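Note that the structure is predicted; figures quoted are calculated from it, not measured.
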Amino acid sequence: MTTLHVDGADLHHELAGSGPHTVAFVHGWCSKADHWAAQAGHLARSQQVLSWDRRGMGRSTTAAPAGSARRHADDLVALLDHHGIDRVVVVGHAGGGPTALAFAAEHAARTEALVMVDTTVNRPGDPRSDRFVAGVHDMVARLQGPDGPEQFARIYAGFFGPRADPAVVADAVAHALSLPLEVAVSEVLQMTEDTASLAARVTCPVLWVSAQPLDTAFAREAFPATRPLVGHVVGSGHFVQVEV
């Protein structure tokens with residue numbers, strides 16, 4: 001692992017493996033690059049893999065929360081430029097979905113393909129999206145309440161399914177609770193941004209992986225310029241990559 005200083009942040013990252021393609025893993029809300037370790041280790045046998053802790057999370061530091069998915073996408077660009085990488089397959093989990101979308105939309109020429117793992121596309125005014133946004137704001141209110149740490153621990157542990165290793169769950173919860181509250185709040189609010197406008201600009205191949213039964217039409221309508229492959233992972237909670 002090494003660090004790269006980018007606009008007030010020290011980005012902790014690792015580049016491993018070699019091959020014809022580069023896969024860039026984007027972790028989720030209050031998560032870390034280590035949660036992609038199994039996939040990174042497997043793919044590094046035949047491809048180049050870039051994993052990084054997004055600013056303010058994992059082992060990456062920051063002077064202030066990122067504030068937007070585009071800021072994280074710009075960080076990825078800086079990492080790619082630093083290592084001389086032209087194009088990537090970008091994989092975003094959950095709260096990392098907006099970052100992956102922003103990268104694919106803003107840097108189409110550098111995006112070979114996009115993988116969305118148990119995340120969502122937010123369309124302001126759509127009933128499904130409006131319910132999601134209301135849920136996020138309710139969660140923020142709970143995090144900022146008098147019993148915020150206890151609420152945070154319950155919420156985060158609830159992201160994992162029954163097959164998850166208890167030690168992995170405990171570590172993930174402890175890491176989330178170790179982050180500044182302002183980072184946690186800023187990051188989860190990025191999920192309420194209008195990501196549908198970003199998805200509408202994506203032209204590369206898309207794979208949508210869900211841990212819950214999903215309306216396939218919803219995923220495909222989110223990407224009008226392409227026709228995503230849609231898959232449902234059976235027996236997993238929200239943290240697909242560490243559970244199954």
Side-chain angles (χ1 to χ4, degrees), residues 1 3 9-14 16 23-43 49-62 65-66 69 72 75-76 90-100 115-120 132 135-136 138-145 147-192 209-212 233-244:
M1 281 282 193
T3 59
D10 288 319
L11 303 178
H12 199 73
H13 65 284
E14 180 176 11
V23 180
F25 285 111
V26 186
H27 66 74
W29 176 56
C30 295
S31 180
K32 52 185 177 178
D34 290 349
H35 287 147
W36 289 113
Q39 291 74 30
H42 175 76
L43 290 176
V49 175
L50 174 66
S51 304
W52 98 98
D53 291 323
R54 292 191 291 142
R55 61 173 60 213
M57 292 170 280
R59 287 154 287 189
S60 290
T61 61
T62 186
H72 287 304
D75 287 344
L76 176 54
V90 62
V91 184
H93 171 242
T99 295
V115 183
M116 301 283 278
V117 180
D118 214 51
T119 184
T120 190
F132 174 78
V136 168
D138 176 70
M139 184 165 63
V140 168
R142 292 163 62 189
L143 297 181
Q144 294 175 327
D147 60 344
E150 292 80 6
Q151 291 285 343
F152 201 172
R154 282 195 290 271
I155 290 168
Y156 217 81
F159 292 151
F160 291 85
R163 295 178 63 176
D165 183 341
V168 171
V169 177
D171 177 75
V173 171
H175 170 257
L177 287 171
S178 74
L179 302 179
L181 182 59
E182 64 174 347
V183 169
V185 170
S186 174
E187 289 298 322
V188 75
L189 287 176
Q190 288 176 31
M191 293 290 290
T192 67
V209 180
S210 175
Q212 301 296 328
V233 180
V234 178
S236 179
H238 178 52
F239 270 81
V240 175
Q241 68 272 46
V242 298
E243 296 189 46
V244 295

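- Closest non-hydrogen pair, Pro149 versus Leu177, comes out as O-CD2, 3.5 Å.
- A distance of 9.0 Å separates OG in Ser60 from NE2 in His13, rounded to the nearest 0.5 Å.
- Contact detail for Val26 and Gly96: the closest heavy-atom pair is CG1-O, 3.6 Å.
- The backbone N or O of Gly237 sits less than 3.5 Å from a side-chain atom of Glu243, completing a donor-acceptor pair.
- Here the straight-line distance linking atom CZ of Arg59 with atom CG of Leu11 works out to 13.0 Å at 0.5 Å rounding.
- Atom NE2 of His175 is separated from atom CG of Leu179 by 4.5 Å, given to the nearest 0.5 angstrom.
- Rounding to the nearest 0.5 Å gives a distance of 9.0 Å between OG1 of Thr62 and CG of Asp10.
- The distance from atom CZ of Phe152 to atom CD of Gln144, rounded to the nearest 0.5 Å, is 11.5 Å.
- Using a 4.5 Å heavy-atom threshold, the side chains of Asp171 and Asp34 count as separate.
- Considering all non-hydrogen atoms of both residues, Arg154 and Asp147 come closest at NH2-OD2, 4.0 Å.
- Aromatic pair Phe239/His93: ring centres closer than 6.0 Å.
- Pro98 places a side-chain heavy atom less than 4.5 Å from the side chain of Met191.
- Within the 4.5 Å cutoff, the side chain of Trp36 has no heavy atoms near those of the Val23 side chain.
- Side-chain N or O atoms of Arg54 include one that pairs as donor or acceptor with a backbone N or O of His27 at under 3.5 Å.
- Counting heavy atoms from C-beta on, the side chains of Leu76 and Trp52 come closer than 4.5 Å.
- Of the possible donor and acceptor atoms, one in the side chain of Gln39 sits under 3.5 Å from a partner among the backbone N and O of Gln241.
- Nearest approach of Ala40 to Val49, heavy atoms of both residues: CB-CG1, 3.7 Å.
- Side-chain atoms of Asp53 come within 3.5 Å of backbone atoms of Ala33 as a donor-acceptor pair (strictly under, hydrogens ignored).
- What you find for Gly28 and Ala94 is that their closest heavy atoms are CA-CB, 4.5 Å.
- Rounded to the nearest 0.5 Å, atoms NE2 (His12) and OG (Ser51) are 10.5 Å apart.
- Arg142 is listed as a side-chain neighbour of Ile155, based on a closest heavy-atom distance under 4.5 Å.
- Under the 4.5 Å side-chain criterion, counting only non-hydrogen atoms from C-beta, Glu187 is not in contact with Thr99.
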Applying side chain to side chain contact (heavy atoms under 4.5 Å, CB included) to Val136 and Trp29, what does each step give before you reach the verdict? CA-CA 12 Å; Val136 168; Trp29 176 56; over 6 Å; no
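- Of all heavy-atom pairs between Thr119 and Gly97, the closest is OG1-CA, 3.7 Å.
- With contacts defined as side-chain heavy-atom distances shorter than 4.5 Å, the pair Tyr156/Ser31 qualifies.
- At least one donor-acceptor pair under 3.5 Å links the side chain of Thr192 to the backbone N or O of Leu189.
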